[in-house]
Amino acid sequence: MGIPEPTTPAGAEGLAALVADPAHSVIALDFDGTLAPIVPDPDQARAHPGVVPALARLAPQVGAVAVVTGRPAGVAVRHGGFAGVPGLEHLVVLGHYGAERWDAVTGEVRAPHIHPGVASVRAELPGFLDRIGAWEGTWVEDKGRAVAVHTRRTEDPDTALEQLRTPLLELAARHGLMGEPGRMVLELRPPGVDKGVALTGFLHERKARSVLYAGDDLGDLAAYDAVTRLRTEGVAGLLVCSAAEGEEPVGRLEERADLVVGGPSGVVGLLDALADEMGAPRP
């Protein structure tokens, strides 16, 4: 199967740059919804079975591969099955929107101190949700450096999330945090950390001349914005939206993407097609 054609001139330019000079390119990928199917319980999310083989073929052909995720870096590594894989010796996982970093070459996670507001919100949330009458099925995910409130298990997830939005944003502000909405979730985390900042820093570190970024949710808009800015600085970019069948589009991601693929299986197909184009051997 060949590489799908981007629908925008900027995307076509980005793809051409990736293929023409892979040694100076970066492949950057969100985890949930992009490499792993969305599931009701995030603890049960695992990378699509084709992800690791596709990345192991592609990674040696390009300058770098990075997974950019809101999850803790170590969790993404475990759920992705990325550790100790031949071909992925230089994979980088930028976890917690770049606040944590795992490098395959060392197998270690580097991270700053946790923002004190996260601990305060974590302690306050159970009683807070009771007081504001959160819908039955609302639950809290402790992400270590952030706290996420999910409504996917409620009777009406979108209405439940809308009810929570303003109170949770006010709670976050009181503790010096920000609120990041997503697909049936609102995450409370420290300010100044997002996928755009993480991606920009990594691309500068690698002196990249081109980048492919693939994502599926509102948290990926910051990375989309970063790629759009970097295009004006001479870094070619291809923006990919992972849109799984049966999942409602989130935000304006599909509208802004240069290429839309069918969820994690579509991402795997794209990665394999790129590897083929770059001459990577098939197993």
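The side-chain heavy atoms of L55 and L88, taken from C-beta on, include a pair separated by under 4.5 Å. Side-chain contact between P42 and H150 is present, with heavy atoms from C-beta onward closer than 4.5 Å. Looking at V62 and M278, their side chains come closer than 4.5 Å, going by heavy atoms from C-beta outward. No side-chain heavy atom of D30 sits under 4.5 Å from any side-chain heavy atom of V68. Counting heavy atoms from C-beta on, the side chains of L35 and H48 never come closer than 4.5 Å. A 4.5 Å side-chain heavy-atom check between L177 and L171 finds every atom pair outside the cut-off. You'll find the side chain of L94 stays beyond 4.5 Å of the side chain of E100, heavy atoms only. Side-chain contact check for L188 versus R122: every heavy-atom pair is 4.5 Å or farther apart.
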For L274 and I3, what are the C-alpha separation, side-chain angles and deciding distance, and is it a side chain to side chain contact (heavy atoms under 4.5 Å, CB included)? CA-CA 6 Å; L274 283 168; I3 302 173; 3.7 Å; yes

Test side chain to side chain contact (heavy atoms under 4.5 Å, CB included) on V211 and I27; report intermediate values, then the result. CA-CA 6 Å; V211 57; I27 306 297; over 6 Å; no

Please lay out, stage by stage, how R101 and E205 fare under the test salt bridge (charged side-chain N to carboxylate O under 4.0 Å, His left out). CA-CA 13 Å; R101 175 168 173 157; E205 172 193 321; 2.7 Å; yes

Run the side chain to side chain contact (heavy atoms under 4.5 Å, CB included) test on L259 and L270 for me, step by step, so that the C-alpha distance in whole Å, both residues' side-chain angles and the decisive distance to 0.1 Å come before the verdict. CA-CA 10 Å; L259 178 63; L270 174 60; 4.1 Å; yes

Verdict with reasoning, F128 to V149, per side chain to side chain contact (heavy atoms under 4.5 Å, CB included): CA-CA 12 Å; F128 178 83; V149 180; over 6 Å; no

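R57 places a side-chain N or O within donor-acceptor distance of the main-chain N or O of P281, the cut-off being under 3.5 Å. One N or O on the side chain of E89 and one on the backbone of G87 form a donor-acceptor pair closer than 3.5 Å. A donor-acceptor pair under 3.5 Å links the side-chain atoms of R145 to the main chain of P112, judged by distance alone. Y224 places a side-chain N or O within donor-acceptor distance of the main-chain N or O of V240, the cut-off being under 3.5 Å. Within the 3.5 Å criterion, the main-chain N or O of A111 finds no donor-acceptor partner in the side chain of H96. No side-chain donor-acceptor contact under 3.5 Å links D258 to the backbone of T7. Side-chain atoms of R206 come within 3.5 Å of backbone N or O of G63 as a donor-acceptor pair. A donor-acceptor contact shorter than 3.5 Å is absent between the side chain of T200 and the backbone of V197. In terms of modelled atom types and a separation under 3.5 Å, the side chain of H24 and the main chain of A208 share no donor-acceptor contact.
Both V118 and L129 belong to a common hydrophobic cluster when Ile, Leu, Val, Met, Phe, Trp and Tyr are linked at side-chain heavy-atom distances under 4.5 angstrom. No continuous path of hydrophobic side-chain contacts links V227 to V193 [ILVMFWY only; heavy atoms under 4.5 Å]. Under the 4.5 Å side-chain heavy-atom criterion for grouping Ile, Leu, Val, Met, Phe, Trp and Tyr, V261 is connected to L15 within one hydrophobic cluster. Linking Ile, Leu, Val, Met, Phe, Trp and Tyr residues whenever their side-chain heavy atoms come within less than 4.5 Å places W102 and V51 in a single cluster. Tracing side-chain contacts under 4.5 Å through hydrophobic residues (I, L, V, M, F, W, Y), one reaches V19 starting from L212; they form part of the same cluster.
Distance check: Y97 OH to D194 CG gives 9.5 Å after rounding to the nearest 0.5 Å. Note that CZ of R252 and CG of L221 are 6.5 Å apart. Values are rounded to the nearest 0.5 Å. Atom CG of L253 sits about 8.5 Å away from atom CG of L239, to the nearest 0.5 Å. Atom-to-atom distance recorded for E108:CD and D103:CG is 9.0 Å, nearest 0.5 angstrom. Atom CE of M178 is separated from atom CD of E180 by 5.0 Å, given to the nearest 0.5 angstrom. The OG1 atom of T34 sits 8.0 Å away from the CD1 atom of I38 when rounded to the nearest 0.5 Å.
No hydrogens or angles considered: a donor-acceptor pair under 3.5 Å links the side chains of W135 and Q163. For H175 and E124, the side-chain atoms include at least one donor-acceptor pair closer than 3.5 Å. Side-chain atoms of D220 and Y213 form a donor-acceptor pair, as typed in the model, at a separation below 3.5 Å.
Counting heavy atoms of neighbouring residues, nucleotides and ligands inside a 6.0 Å radius, atom CD of E136 does not exceed 12 of them.
The minimum heavy-atom distance linking S242 with D216 is given by the pair O-CB, 3.3 Å. Closest approach of A17 and A236 over heavy atoms only: CB-CB, 3.6 Å. Here the shortest heavy-atom pairing between V260 and A257 reads CG2-CB, 4.2 Å. Closest approach of K195 and G70 over heavy atoms only: CE-N, 4.0 Å. Nearest heavy atom pair, residue M184 against residue D158, reads CG-OD1, 4.1 Å. Residues P6 and L238 approach most closely at CG-CD1, 3.9 Å, considering heavy atoms.
We find that R256 and D225 are joined by a salt bridge, their nearest charged nitrogen and carboxylate oxygen being less than 4.0 Å apart. D276 and R282 are joined by a salt bridge, as a carboxylate oxygen and a charged side-chain nitrogen come within less than 4.0 angstrom of each other. Here D32 does not pair with R183 in a salt bridge; the nearest charged N to carboxylate O distance is not below 4.0 Å.
Of the candidates R153, R152, E141, R153 is the only one forming a side-chain contact (heavy atoms from CB on, under 4.5 Å) with D41. None of T159, V185, L164 except one satisfies the side-chain contact (heavy atoms from CB on, under 4.5 Å) rule with T151; the exception is L164.
By the 6.0 Å and 45° rule, R71 does not stack over the aromatic ring of F31.
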